[in-house]
Amino acid sequence: MPPRVRIAPSPTGDPHVGTAYIALFNYVFARKYGGRFILRIEDTDRERSTSSSEDAIIEALRWLGFEWEEGPDVGGPHGPYRQSERLDIYRGHIARLMEGGHAYRCFCTRERLDALRKEQLAAKADHLGYDGHCRGLDPAASAERAKAGEAHVVRLRIPDKEEGTTVFFDDLRGKEVEIANRQIDDQVLFKSDGFPTYHLANVVDDHLMGITHVIRGEEWITSTPKHVLLYRAFGWEPPRFIHLGLLRNADRSKLSKRKNPVSIFHYRDLGYLPETLINFLGTLGFSLGDDRERFTVDEMITHFDWSRVSAGGPVFDAAKLDSFNAADIRALTVDELYLKVMDRVLSPERLKGLLVHAKERIDRLDDVIPYISFAFGAEVDYGPVLAKVRLKKRTRAEVIAILKDYAQEIEKDPGARTFEPDALEAFSRGFCESRGWKAREVFTLLRIGVTGRTATPSLFDTMALCGKDRCRLRLRHLISVLEGEADW
RNA sequence: GGCCCCAUGGUCUAGCGGUUAGGACGUUGGCCUCUCACGCCGAAAUCCCGGGUUCAAUUCCCGGUGGGGUCACCA
């Protein structure tokens, strides 16, 4: 039976390189054995999921060259492929679980849960988790309360808590992973907002979509027993499980936005070649078995085997990616390079967007290039303008703090996230006000940080022109430069 | 902290009982050269520790240590 695998990203932000990494191994595995590669959008978090993020994921994955046989955009026989459109399915399944006694309603309030957690923390409890308060509720009575409109969630009833143990086989590690049932929480399967949690939706969908191999990040390994128990409760055969090592920061923690550019768009917009990025990702954890490390996806497919994949989490070494990319650019003919540059860097849309601002400020046509140059390239040189960030009434520490604060907040504000000039301005003015800084002060810092210049088009046009990822990169660079400076 | 996973130079990896432990990035010395880059030649740097098993362990087993993940009405 040919495998069916899926990549199931959550549309809650910029498309992540970790998603690309997991997608790559799923994709290669599917192709190797003539299987199907499926895209499923896991948008059960109503708070954070956005359709723009879903669009971005699809755009990013396509840019990298992935093609899926089934997905929200291409359809397929097991749709819908967007979990928010499968609510009825989950409702039916949760009812089935409750009927079988495998799940129960829980009416505990947030307050009680918070208090419980605090208590467990204070008592230095070995295992934090739900205490089973509602476990013994009479099903009929609980149904009544639910009917009366009382807020509740539905939890999985982990069987045999005292003695039981749940085991699954991990194909990458080539061994069984065993976890005591007492370590497993009575997970919430259905939230009080009427949406399923990951655990329920994921298991139900994987089964209904005929997924044969679940290839995902290692962060899921400890919750796999929950999933196994769910399959069992439904009377289903679980798929095979493969947990890939997590991509790491240089300090070996899980790859994070704070410490690394993680958006796929960052790599696209700064001009990494998609096949190069893929090749680089492929070398993290996989090898052809010889000295070659420059290979295509097709070569990866022909040599692929789980025994060729390592289970440790690799550090994402941007310097090595750079060397790969530089070598691949060198290998291009001038004509090929020209086409890529015109397509990506100097596309008519992008160029015109810049010319709108340049035309008011240049004396000669030839000046256009130096004028718009702020919108290109990675980091900028702050040498000539560094003195300008020495704000009269602020210490260096304050300047660093406000820049970090801004860089962080821009990720959270729904308006700012879009990186549209108007939304950015609204956000930025609000930011200044709430922090008690003059807009003038902050805007100066941002202008310098983003462009290395003191004179640019309107700050928010400038930022939009540079793009979110470039702004983020340069702001972070400025911060690190300042951190290395003496105080003023 | 409990549980789980992982462990070859700084980083990514090859190795699958006997090798001068191979390659790549990075670092570094030199050559090439008007500069830089490329290219070429060279160097430093690794089997986490301790027990076993074995004639022989980087390799197999156990323990320790270290790193990571996870303990949400987020995925």
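This is a predicted model, so every value here is computed, not measured. Letters A, B, ... mirror the listed sequences (proteins, then strands); counts begin at 1.
Base pairing of B:C40 is made with B:G30, judged by Watson-Crick or G-U wobble geometry with both donor-acceptor distances under 3.5 Å.
B:C73 atom P lies 12 Å from atom CG of A:Leu128, rounded to whole Å.
The side chain of A:Arg182 contributes no N or O atom lying less than 4.0 Å from OP1 or OP2 of B:G2. Side-chain N/O atoms of A:Lys254 include none lying less than 4.0 angstrom from OP1 or OP2 on B:A75. Of the side-chain N and O atoms in A:Arg308, one or more sit less than 4.0 angstrom from OP1 or OP2 of B:G15. Phosphate proximity of B:C71 to A:Lys226: absent, as no side-chain N or O sits under 4.0 Å from OP1 or OP2. The side chain of A:Ser307 places no N or O atom within less than 4.0 Å of a non-bridging phosphate oxygen (OP1 or OP2) of B:C16. For B:A75, the OP1/OP2 oxygens have a side-chain nitrogen or oxygen of A:Thr44 closer than 4.0 Å.
Residue A:Glu42 is in sugar-phosphate contact alone, with no base atom involved, counting any heavy-atom pair closer than 4.0 Å across all strands shown. At the heavy-atom level, A:Gly129 lies nowhere under 4.0 Å from the strands shown. Among the protein residues, A:Arg294 comes within range of no part of the nucleic acid, since none of its heavy atoms lies under 4.0 Å from any strand.
Residue side chain A:Ser192 reaches the base of B:C73 through a donor-acceptor N/O pair under 3.5 Å, judged by distance alone.
A:Phe190 has its ring centre no less than 6.0 Å from the ring centre of A:Phe195.
Comparing A:Gly285 and A:Tyr198 by the nucleotide of RNA chain B that holds the closest heavy atom to each, the one mapping nearer the 5' end is A:Gly285. Residues A:Ala180 and A:Val153 both approach RNA chain B. Their nearest nucleotides, taken by heavy-atom distance, put A:Ala180 toward the 5′ side.
Distance check: A:Leu246 CG to A:Tyr21 OH gives 9.0 Å after rounding to the nearest 0.5 Å.
Note: A:His199 and A:His227 have tilted aromatic rings, judged against thresholds of 30 and 60 degrees for the angle between ring planes.
Nearest heavy-atom pair across A:Ala311 and A:Leu172 is CA-CD2, 4.1 Å.
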